[in-house]
Amino acid sequence: MKLSRLVLIVSLLASGVLAVSGPGVRLHLWPFTSGLLLFAIGALGALAALVSCAVLLSLPRARAGASRSLLAAGLLALVSSAVPLSLLPQARRSPAINDISTDRAEPPTFVALAPLRAATPNPGGRVAGPEVTAAQRWAYPDIRPLELPMPPAAAYPRALAATRDMGWEVVAADPVSFRIEATATTFWFGFKDDVAIRVVRTAAGSRVDIRSASRVGKGDAGTNARRVRTFLAKLARA
């Protein structure tokens, strides 16, 4: 078998593995750990095919009569490895935590979502504790409560509107206690991350706290922190 054909087969297989890694988890065909493993295998396979294509194209004898096949394999491998490679820097910078809150001392609690979280690997979350608090402060020092110059009765509907604008599934919304609970679903693997939002009165108006916690895994590659930042920015603009 020619090397160019072998590289093309590897590129096709790697792309296929990547393509099914997330949907398989969403469809409950395999656990999320298997999905992550398939994702990693597919990414490594695509990267190996990309490097192999670059090497073979640089050798006149290897690319003779096989340029089109190598270019096709290289393009497919490049597209397939682009997303995994783009996630790598963020994953390396993010600590192994998956429970982020603007209030580390007294984070918003899950009440309506507690029964759903009870059967998951992370039922209560791990936002509290000195190690988690130190890791969050080191990695995400900008995450802090949002102060609004309006009473909670005015801030709460804006927070609820921002929650819906984020595309989250609102599980509970209490206009009396000014609390919101919702569930966010990640795009590729369909991971369920839960969000709790709390609005309290302050001397200058109101303070909005938000907590985002994953149901599975130990780390989140910064997903919960990005979600918190996006929500706070949307609410601040509103």
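These figures come from a predicted structure and were not determined experimentally. Hydrogens, waters and symmetry mates play no part in the numbers below; they use all other heavy atoms, side chains included.
A donor-acceptor contact shorter than 3.5 Å is absent between the side chain of Arg211 and the backbone of Arg104. For the pair Asp209 (side chain) and Ile197 (backbone), a donor-acceptor distance under 3.5 Å is absent.
With sequence neighbours excluded, the residues satisfying side chain to side chain donor-acceptor pair (under 3.5 Å) with Ser94 are Gln90. The side chain to side chain donor-acceptor pair (under 3.5 Å) test applied to Asp194 returns Arg117, Thr183, Arg215, not counting sequence neighbours. Here Thr185 pairs with Lys192 under the side chain to side chain donor-acceptor pair (under 3.5 Å) rule; sequence neighbours left out.
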Applying side chain to side chain contact (heavy atoms under 4.5 Å, CB included) to Thr230 and Met166, what does each step give before you reach the verdict?
CA-CA 8 Å; Thr230 303; Met166 293 288 292; 3.8 Å; yes
List the steps and the verdict of side chain to side chain contact (heavy atoms under 4.5 Å, CB included) for Arg179 and Thr109.
CA-CA 10 Å; Arg179 295 186 70 261; Thr109 56; 3.8 Å; yes
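Put simply, Val208 and Met150 are part of the same group of oily side chains (I, L, V, M, F, W, Y) that touch within less than 4.5 Å, one to the next. No continuous path of hydrophobic side-chain contacts links Leu59 to Val10 [ILVMFWY only; heavy atoms under 4.5 Å]. When hydrophobic clusters are built by joining Ile, Leu, Val, Met, Phe, Trp and Tyr residues whose side-chain heavy atoms come closer than 4.5 Å, directly or via intermediates, Leu27 is grouped together with Val20. Cluster membership for Phe187 and Leu38, using ILVMFWY side-chain heavy atoms within less than 4.5 angstrom, is shared.
Rounding to the nearest 0.5 angstrom, the gap separating the CG atom in Leu76 from the CG atom in Leu71 is 12.5 Å. The distance from atom CD1 of Ile180 to atom CZ of Arg164, rounded to the nearest 0.5 Å, is 8.0 Å. With rounding to the nearest 0.5 angstrom, the CZ atom of Arg144 is 10.5 Å from the CZ atom of Arg137. Taking OG from Ser214 and CG from Asp220, the interatomic distance works out to 5.0 Å, rounded to the nearest 0.5 Å. Separation of atoms CG (Asn224) and CZ (Phe191) is listed at 11.5 Å; rounding is to 0.5 Å. Within the model, atoms CG of Leu47 and CG of Leu78 stand 10.5 Å from one another, a figure rounded to the nearest 0.5 Å.
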Side chains of residues 28-36: which donor-acceptor pairs under 3.5 Å do they make with residues two or more places apart or in other chains?
| unit_1 | atom_1 | unit_2 | atom_2 | d |
| --- | --- | --- | --- | --- |
| Trp30 | NE1 | Ser21 | O | 3.4 |

Show me the donor-acceptor pairs, under 3.5 Å and distance only, between side chains in residues 12-19 and residues at least two apart or in other chains.
| unit_1 | atom_1 | unit_2 | atom_2 | d |
| --- | --- | --- | --- | --- |
| Ser15 | OG | Ser11 | O | 2.9 |
| Ser15 | OG | Ser80 | OG | 2.6 |

Side-chain donor/acceptor pairs under 3.5 Å, residues 155-163, sequence neighbours excluded:
| unit_1 | atom_1 | unit_2 | atom_2 | d |
| --- | --- | --- | --- | --- |
| Tyr156 | OH | Asp174 | N | 3.2 |
| Arg158 | NH1 | Ala154 | O | 2.9 |
| Thr163 | OG1 | Ala159 | O | 2.8 |

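At a threshold of 4.5 Å between non-hydrogen side-chain atoms, the residues Val111 and Glu181 count as touching. Proximity of Asp99 to Asn122: side-chain heavy atoms (C-beta onward) are nowhere separated by under 4.5 Å. When side chains are defined from C-beta on, Arg201 does not count as touching Ser206, because their heavy atoms never get closer than 4.5 Å. Side-chain contact check for Ile210 versus Leu232: some heavy-atom pair is nearer than 4.5 Å.
Residues Val171 and Ala112 approach most closely at CG1-CB, 4.1 Å, considering heavy atoms. Of all heavy-atom pairs spanning Gly22 and Phe189, the tightest one is CA-CD2, 3.7 Å. Smallest separation of non-hydrogen atoms from Val195 and Leu113: O-CD1, 4.2 Å. Contact detail for Ala46 and Ser81: the closest heavy-atom pair is CB-CB, 4.0 Å. Of all the heavy atoms in Ser69 and Leu8, the pair that sits closest is OG-CD2, 3.9 Å. Listed here is the closest heavy atom pair of Ser101 and Ile143: O-CG2, 4.1 Å.
The existence of a salt bridge linking Asp103 and Arg198 is confirmed by a sub-4.0 Å separation between a basic side-chain nitrogen and an acidic carboxylate oxygen.
Counting only residues at least two apart or on different chains, no side chain to side chain donor-acceptor pair (under 3.5 Å) pair has a member in residues 45-58. Counting only residues at least two apart or in different chains, ring-ring contact (aromatic ring centres under 6.0 Å, His included) contacts with residues 67-86 are absent. Counting only residues at least two apart or in different chains, ring-ring contact (aromatic ring centres under 6.0 Å, His included) contacts with residues 207-238 comprise Trp168-Phe231. Sorted by first and then second residue, the ring-ring contact (aromatic ring centres under 6.0 Å, His included) pairs with a member in residues 68-104 form an empty list; sequence neighbours excluded. A salt bridge (Lys or Arg N to Asp or Glu O under 4.0 Å) check over residues 223-238, counting only residues at least two apart or in different chains, returns the pairs Asp142-Arg229, Asp193-Arg227. Counting only residues at least two apart or on different chains, no ring-ring contact (aromatic ring centres under 6.0 Å, His included) pair has a member in residues 90-118.
By the 6.0 Å contact criterion, CD on Glu106 is open, its count of non-hydrogen atoms from other residues, nucleotides or ligands being 12 or less.
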